[in-house]
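Worksheet: one structure, shown below.
For clarity, every value in this text was computed on a predicted model and none was experimentally measured.
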Amino acid sequence: EWDSSTMAFAPRTDEGDFYLVGSEWVLDTDSAADAAITYNADGSATLINSNTQFSAKISISQTDISGLSMKALAGSGAGKLLIDDSALFPAGSLAFTTLFENLNDEYQVEVWDNGNDTTIDGNRVSYLDQNVTNLADVETTFAAGSDQYLWLDNNRVQFAANEILNIYNREFSPVLIGTGTYVTTPVQGQTLLMLNVPASLKEHPEETSFLVEWIDPNLGNIVKTGFFTPANSIDTDSDFAGKWRKL
């Protein structure tokens with residue numbers, strides 16, 4: 001990756017994400033050599049990653065969008081390109097979506113960019129430029145009533161008594177918009193702090209966020225964010241597809 005601070009290319013840390021395989025976190029490098037595809041009689045395909053044991057069914061969905069508003073389906077970005085805001089799709093118009101269905105439970109921890117510093121993973125819980133190093137400190141650092149908030153998905157949260165998660169918007173003056181729950185639980189030999197947020201407040205309703213303790217080669221003990229996606233969850237390939245599926 002190009003590093004603008006040194007005006008040179010530098011190695012990236014985000015070469016792949018980690019998946020929980022057995023009791024270990026395994027790095028998926030997105031290598032085509034690790035993937036095998038088989039084609040099914042119904043026209044779908046099954047993708048199996050031999051490195052992470054992840055498998056998914058891939059299929060194509062078709063929907064008749066004849067007579068529907070072009071602007072509504074295109075969204076606020078592409079919709080601006082329309083000459084006629086009232087334009088409708090003509091008869092026979094079809095929309096196609098690639099559907100990805102998880103065939104097994106998936107625990108995933110991503111690697112994020114950290115600005116221009118490509119040697120340090122940006123996916124870490126911190127406050128006032130200090131890294132949180134264990135799960136117990138997460139609950140005290142971001143306790144309800146404090147001035148510290150944990151950024152989570154499109155919102156931010158604080159940890160209240162009785163395993164209640166207070167959920168706030170991302171405005172300068174946070175407003176409580178809902179509650180969820182949190183629980184520390186063992187999963188396949190790992191200890192995860194599961195953060196259960198109502199689906200209506202998630203960017204991806206099928207996913208459940210969690211926190212996990214991590215040993216980083218550059219930073220030492222940190223806490224990273226991950227997400228759990230259960231088997232049989234279906235994701236689509238675009239926001240456009242998500243829009244017309246809801247109509």
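Judged purely by atom type and a 3.5 angstrom limit, Glu101 has no side-chain atom pairing as donor or acceptor with the backbone of Ile234. Listed for the Gln158 side chain is a donor-acceptor partner under 3.5 Å among the backbone atoms of Ser146. A side-chain donor-acceptor contact under 3.5 Å links Thr141 to the backbone of Asp137. Asn162 places no side-chain N or O within donor-acceptor distance of the main-chain N or O of Ile164, the cut-off being under 3.5 Å. Remark: side-chain polar atoms of Arg156 are paired, donor with acceptor, to backbone N or O of Asn169 under 3.5 angstrom. Between the side chain of Asn155 and the backbone N or O of Leu201, at least one donor-acceptor pair lies under 3.5 Å. At least one donor-acceptor pair under 3.5 Å links the side chain of Ser66 to the backbone N or O of Gly92. With Tyr182 contributing its side chain and Ala160 its backbone, the two residues share a donor-acceptor pair below 3.5 Å. A donor-acceptor contact shorter than 3.5 Å is absent between the side chain of Glu206 and the backbone of Pro230. Side chain of Lys202 to backbone of Glu207: a donor-acceptor contact under 3.5 angstrom is found.
Donor-acceptor pairing under 3.5 Å is recorded for the side chains of Asp17 and Gln108. A donor-acceptor contact closer than 3.5 angstrom is absent between the side chains of Ser233 and Asn102.
In terms of heavy-atom proximity, Ala144 sits nearest to Asn166 at CB-ND2, 3.7 Å. Residues Asn221 and Thr133 share a closest heavy-atom pair of O-CG2, 3.3 Å. The heavy-atom pair separating Ala35 from Leu47 by the smallest distance is CB-CD1, 3.8 Å. Smallest separation of non-hydrogen atoms from Arg170 and Asn154: CD-O, 2.7 Å. Taking every heavy atom of both residues into account, Ile60 and Phe96 meet most closely at CG2-CD2, 4.1 Å. Taking all atoms of both residues into account, the shortest heavy-atom contact from Ile167 to Gly180 is CD1-N, 3.8 Å.
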side-chain contact (heavy atoms from CB on, under 4.5 Å) between Phe89 and Leu73, intermediate numbers included:
CA-CA 10 Å; Phe89 284 99; Leu73 291 181; 3.3 Å; yes
Step-by-step side-chain contact (heavy atoms from CB on, under 4.5 Å) determination, Val183 to Thr181:
CA-CA 7 Å; Val183 61; Thr181 61; over 6 Å; no
side-chain contact (heavy atoms from CB on, under 4.5 Å), that's the test. Do Val125 and Phe142 meet it? Break it down for me.
CA-CA 11 Å; Val125 176; Phe142 304 100; 3.6 Å; yes
Evaluation steps, side-chain contact (heavy atoms from CB on, under 4.5 Å), between Gln148 and Leu128:
CA-CA 9 Å; Gln148 300 295 328; Leu128 302 177; 4.0 Å; yes
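Under the side-chain contact (heavy atoms from CB on, under 4.5 Å) criterion, Asn104 pairs with Phe54, Ser55, sequence neighbours left out.
Each of Leu211, Thr191, Leu192, Val138 was evaluated against Thr184; a single residue qualifies, Thr191, per the side-chain contact (heavy atoms from CB on, under 4.5 Å) test.
Within the model, atoms CG of Leu193 and OG1 of Thr225 stand 10.0 Å from one another, a figure rounded to the nearest 0.5 Å. Of the inter-residue distances, the one linking Phe100 atom CZ with Ser59 atom OG reads 9.0 Å to the nearest 0.5 angstrom. Note that CG of Asn196 and OG1 of Thr208 are 6.0 Å apart. Values are rounded to the nearest 0.5 Å. Within the model, atoms CG of Leu103 and OG1 of Thr46 stand 6.0 Å from one another, a figure rounded to the nearest 0.5 Å. Once rounded to the nearest 0.5 Å, the distance linking NZ of Lys57 with CG of Asp42 reads 4.5 Å. To the nearest 0.5 Å, atom CG of residue Asn131 and atom CG of residue Asp216 are 8.5 Å apart.
The shortest side-chain heavy-atom distance between Leu219 and Trp214 does not fall under the 4.5 Å cut-off. In this structure, the side chains of Phe159 and Leu165 come closer than 4.5 Å at one or more pairs of heavy atoms. With contacts defined as side-chain heavy-atom distances shorter than 4.5 Å, the pair Tyr107/Gln188 qualifies.
By the rule that hydrophobic residues join a cluster once side-chain heavy atoms approach within less than 4.5 Å of another member, Leu195 and Ile222 end up as members of separate clusters. A single hydrophobic cluster is not seen to contain both Val212 and Val132; linkage of ILVMFWY side chains at heavy-atom distances under 4.5 Å, directly or through other members, places them apart. Ile83 and Leu68 end up in different hydrophobic clusters when Ile, Leu, Val, Met, Phe, Trp and Tyr side chains are linked at under 4.5 Å. Hydrophobic cluster membership is shared by Val187 and Phe18, with clusters built from Ile, Leu, Val, Met, Phe, Trp and Tyr side chains linked at under 4.5 angstrom. Follow the hydrophobic side-chain contacts under 4.5 Å out from Val197 and you reach Val223 in the same cluster.
Remark: Tyr127 OH is loosely packed, at most 12 non-hydrogen atoms of other residues, nucleotides or ligands lying under 6.0 Å away. Under a cut-off of 6.0 angstrom, the local environment of CG in Leu94 is crowded, with over 12 non-hydrogen atoms contributed by other residues, nucleotides or ligands.
In this pair, Trp25 and Phe210 present their aromatic rings parallel. The plane angle is below 30°, not in the 30 to 60° band.
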